[in-house]
Amino acid sequence: MKTNDVILQTVTKFVLFVIILFSIHLFFAGHYYPGGGFIGGLMTSGAIVLLLLAFDIKTVKMILPFDYIKVVAVGLLIAIGTGAGALFFNMPFLTHAYTYAYLPLLGKTSLHTAVLFDTGVFLVVIGVTMTIIQTIGESE
Amino acid sequence: MNNLIILPILIPLITGVVLIFFTKNIMAQRWISAISALLTIIASFMLAHQVYRNGIQTMDLSNWEAPYGITLVSDMLSALLVLTTSIIAFAALFYSFKSIGEARERFFYYPVVNFLIVGVNGAFTTGDIFNLFVFFEVMLMSSYVLIVLGGTKIQLRESIKYILVNVISSALFVIAVAYLYSVVGTLNMAHISVRLSEIGSAGIITVIAVLFLIVFGLKGAIFPLYFWLPGSYYAPPAPVMALFGALLTKVGVYSITRTYTLFFYHDVGYTHQLLQTLAVMTIIAGVIGALAYTDIKKIIIYNIIVAVGVILFGVSILTPESLTGSIFYLIHDMNIKATLFLLIGIIIVITGTSDLEKISGLINRYPALGWTFFIATAALAGIPPLSGFAGKLMVVRSGFETENYIGAFVVLMSSLLVLFSVMRIFIRGFWGTPRAYKNEERAPVKWLLVAPAILTVFAVLYGFGTEAIYPVISTAAETLANPEIYINAVLKE
Amino acid sequence: MEILMAFLIGILFMTATYLMLSKSLLRIIIGTGLLSHGAHLLLLTMGGLKRGAAPLLGEHAPSYADPLPQALILTAIVISFGVTAFFLVVAYRAYQELGTDNMDHLRGKEGHE
C-alpha cells in the first residue's frame, strides 16, 4: 500500500536538524549537567530512525553510507583508547585528565579527556541502535 | 596500584574491537587472535607470578580510592583462574582455525570469543559486586552470540531457552545486589565484608546469601537449577562447547566461592549446610545423567555438573584443606573439560555423529586420538598420579575429618561412576570393529589434535607436579580461609 | 513513597511472571522487559528515596542524594536494553526459521532436529 507521506517527509527535513542539534547540545552538556554520550547518541539515532520512517532504507543508506558495526568498533576503540591512555602515564586504567583553557569565543572552558570517552560512547550507541533496527527492518 | 591486572582484560578487549575491522580477511583474524591470546597468557602468567611473590595486587579504576570506586583485585585464586582461562582460550582458538568453518569466521566468531574472554577474566578479577554483574553480562552477551552463531534450527531453539534463563537470573542478580546495597550501603566486596561482620548474623543477610546462591547457582548449574544446561550446551560446535563447559559454569562456581568465603560466613550453620546439601545432590544428579545417555556430548556435559558439585562440596566445608582441594579441582576441571570437549569434537568431525551406538573401532585408524582420550578420561576420574587426584583426595579427606561422611562418600562413589561413564565412550567408541565414516577423509585430525594434546600434557604435568604447585594453591586457599588478608589488601588499613 | 514503590514493583513482577509463563515468544520477551524494569525500580528504591542536592564538589547543602543507585540502574538499563534487543532479533530469526513462536512447538526432543 502506498501512503501519502508528504507531510511527514517535509516535517522530517526540518525537525531532523533540530533533533540533531539538540542531541549535540545534550552530548556537550554532559559531565556537569544531565546529558552525555549515551543519551546524545540515542537522540541522534532517534533522528536517523525518523529519517527511516519518512523515507526508506535505500535513501537513508545513500545519505549515510556507514557500516554501523564499524561505527561501533570505532567508538569502542576511541573509548578504550582514552581509558588505556592513562596506562602510559602510569596511572590506573580510565583515569581522566582535565584542564582549563581560554578559548576564543567560548571564554574559560574546561577540557576533559572524558569528552573523548563520551565520543566513543556516542558512536557505540548510534552504531548498536542502528544495527538492531536495520537487522529487523531489512528483511521485510 | 598495578596496571598488570588490567592487561588480561584489556588485551582481548582491544583485539576483539580491532578484529571487527578484519571480518573479510580470515587469515588476518586468525593471526591477530592467536597472537593476542599468546600475549594474554604471558600477561596473566606475569600477574600470577607477581601475586605469588608480592601478595594480593589491587588497582583502583580511574584512580578513585578503594571503597568509592571500582577496584580490581587479583589474589592468588583470581590470578590462577585468569591464567587457566587464557590458556584454554588459546587452545580453543587454535582448534577453531580448522574446525569452525568460514561462515562463522566471517560472522564475528573471533571478536565474540575475545569478548567472552574479557567477561570471564573480568569476572575473576573484579572486587566490586556490581562490576561482577557487568562482567557477567559481557560474558553472557558473547555466549548468546556464540550459541546462536550458525543459525541452525537446534541452535535457534536452544538459544531462546538459554537467553531466557539467563535474563531471569540477571534480573535476580540485580535484585540481590539491591537488597545487599540496602543493608550495607556499599558495593566493594572487601567493604561489604567489613560492614557485614559489624552487623553479624541477621535473618536478612541469610536471605540475601541464599538469593545470591540462586543467582550464581543458575549460572554455575547446581542441583535444582541445572535443568537448562544439557540442552543449551548441546547445540553449539565443539570449540564453543569447550569454552562454555570450561569457563562459563566455573565463573558461577567462582562467584559462589568468593561470596561464601569472603562475606557470607556468619550463618554457616544454615547457608553452608544448604550449599553442601545442594552440592551433594548436584553430584548425584550429574552422575545419573552421565550414566543414562549414550550420546558422547551429553555424557561430558553431565560430567560438568558432577565437577561443580565436587568443587562446591569442598567450598561448603570451609576448612583450609578443603578449600585447597576445591581450588586444585577447579583448575584441573577447567583444563580437563576443555580437553574432553575438543577431543569429542574430533570424534564428531570424523564420524559425523555423536551417538555412541554408531561409533566403534576408532583406535585402529587414530591411535594418537585414542590414547590422548584415554589419558584425559583417567585424569577426569582422578586416577593418581594424574591431575584430578590431589584435589579430590583433599576434598574427601577433609569431608571425613569434619564428619560429613555422606558427602565424602558420594564424592568417592562419583569418581568411580564418572570413570565408568567416560570409559564407556572409550570402550564402545574406540574398541570394536572399525567402520567406514563418510567424512573421514576430509577431517584435519592431526591439526585438531594439537590443542587437546597440549592440554592433556598440562593435565599430566599438573598431576605429577602437585608437590611443586601445592604452595601456590595453598596461598590461594589461605586468602579464602582468612578474609582479613583480602580486606586489608583492598582497603589498605 | 517506599511502600508505593514496593506495590508498583510487586505488580510489575506479577505481570512479568504471568507473561513469561505464557506460550507466545513475544509475550515472554515483554515479560522479561517488565521483569528487568521491576528489578531496576527495586534497585532505585533500595538505595533509599530521599531529596537532596547533587553530590558534587563545591555544592553546599544540608543533605545529598545518593548517586550510586542511579549510576547502577543506568548501567543495568543499558545492559537490559542490549539484551532485549538481541533477544528480539533472535526470536525473529527463530520465527522465520522454525515457523512458529509457540513455545510448545519449540520443545524438541533431546538434541534432535
Side-chain angles (χ1 to χ4, degrees), chain B residues 68 70 128-131 133-134 136-138 140-142 144-145 147-149 151-187 230-235 292-293 295 297-298 301 354-355, chain C residues 2 9 12-13 16-17 20 25 28-29 31-48 66 68-69 71-73 75-80 82-101 103 105-113:
Chain B
Y68 303 111
I70 295 170
D128 183 286
I129 195 89
F130 196 78
N131 198 227
F133 166 72
V134 173
F136 256 100
E137 289 303 315
V138 172
L140 288 173
M141 277 298 264
S142 324
Y144 300 156
V145 179
I147 208 168
V148 81
L149 200 62
T152 58
K153 281 185 178 164
I154 172 171
Q155 279 181 315
L156 283 166
R157 203 177 60 210
E158 293 305 330
S159 64
I160 287 173
K161 299 169 197 169
Y162 178 74
I163 296 174
L164 182 60
V165 166
N166 280 303
V167 167
I168 294 171
S169 90
S170 299
L172 282 176
F173 200 160
V174 175
I175 293 167
V177 170
Y179 285 150
L180 190 61
Y181 183 75
S182 76
V183 175
V184 296
T186 178
L187 294 165
S232 306
Y233 281 21
Y234 190 90
Y293 282 96
D295 186 307
K297 281 200 229 171
K298 287 270 177 187
I301 286 171
S354 61
D355 191 352
Chain C
E2 271 89 351
I9 294 160
L12 277 173
F13 280 169
T17 315
M20 280 191 296
L25 193 49
I28 291 177
I29 296 175
T32 60
L34 288 181
L35 184 72
S36 43
H37 286 327
H40 299 155
L41 287 180
L42 186 75
L43 191 56
L44 192 68
T45 318
M46 281 296 160
D66 185 355
L68 213 50
L72 299 186
I73 70 163
T75 316
I77 286 171
V78 174
I79 289 171
S80 75
V83 173
T84 310
F86 184 77
F87 202 0
L88 274 171
V89 174
V90 170
Y92 184 63
R93 281 281 299 145
Y95 174 71
Q96 280 184 322
E97 197 77 20
L98 305 167
T100 176
D101 73 332
M103 288 307 274
H105 300 159
L106 291 176
R107 193 167 284 176
K109 282 194 70 185
E110 288 308 333
H112 295 296
E113 287 281 322

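A note on names: the letters A, B, ... follow the listed sequences, proteins ahead of strands, and every chain is numbered from 1.
- Nearest heavy atoms, A178(B) versus M46(C): O-CB, 3.4 Å.
- Ranked by non-hydrogen atom pairs under 4.5 Å with chain C, the options V174(B), I163(B), L172(B) are led by I163(B).
- We find the CG-OG1 distance between N131(B) and T75(C) to be 9.5 Å, quoted to the nearest 0.5 Å.
- Residue with the most contacts toward chain C among N166(B), V145(B), V138(B): V145(B) (heavy-atom pairs, distance under 4.5 Å).
- Atom CG in L41(C) sits 11.0 Å away from atom CD1 in I175(B) (nearest 0.5 Å).
- Nearest approach of I160(B) to A94(C), heavy atoms of both residues: CD1-CB, 3.5 Å.
- Heavy-atom distances place the side chain of I79(C), and not its backbone, under 4.5 Å from chain B.
- Of the two parts of F13(C), only the side chain, counted from C-beta on, holds a non-hydrogen atom closer than 4.5 Å to a non-hydrogen atom of chain B.
- Atom NZ of K161(B) and atom CE of M103(C) lie 6.5 Å apart (nearest 0.5 Å).
- Nearest heavy atom pair, residue L164(B) against residue I28(C), reads CD1-CG2, 3.5 Å.
- Using a 4.5 Å cut-off between heavy atoms, L44(C) does not touch chain B at all.
- In terms of non-hydrogen atom pairs under 4.5 Å with chain C, the most contact-rich of F133(B), F173(B), F130(B), Y179(B) is F130(B).
- Legend: residues meeting side-chain hydrogen bond (donor to acceptor under 3.5 Å, both in side chains) with S232(B), ordered by chain and number and at least two apart, are absent.
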Working note: M20(C) + I168(B), criterion side chain to side chain contact (heavy atoms under 4.5 Å, CB included); need CA distance, chi angles, decisive distance, verdict. CA-CA 10 Å; M20(C) 280 191 296; I168(B) 294 171; 3.8 Å; yes
Trace of the side chain to side chain contact (heavy atoms under 4.5 Å, CB included) decision for L72(C) with L187(B): CA-CA 10 Å; L72(C) 299 186; L187(B) 294 165; 3.7 Å; yes
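- The minimum heavy-atom distance between A39(C) and A171(B), with the atom names listed, is CB-O, 3.8 Å.
- Residues E97(C) and K153(B) share a closest heavy-atom pair of O-CE, 3.7 Å.
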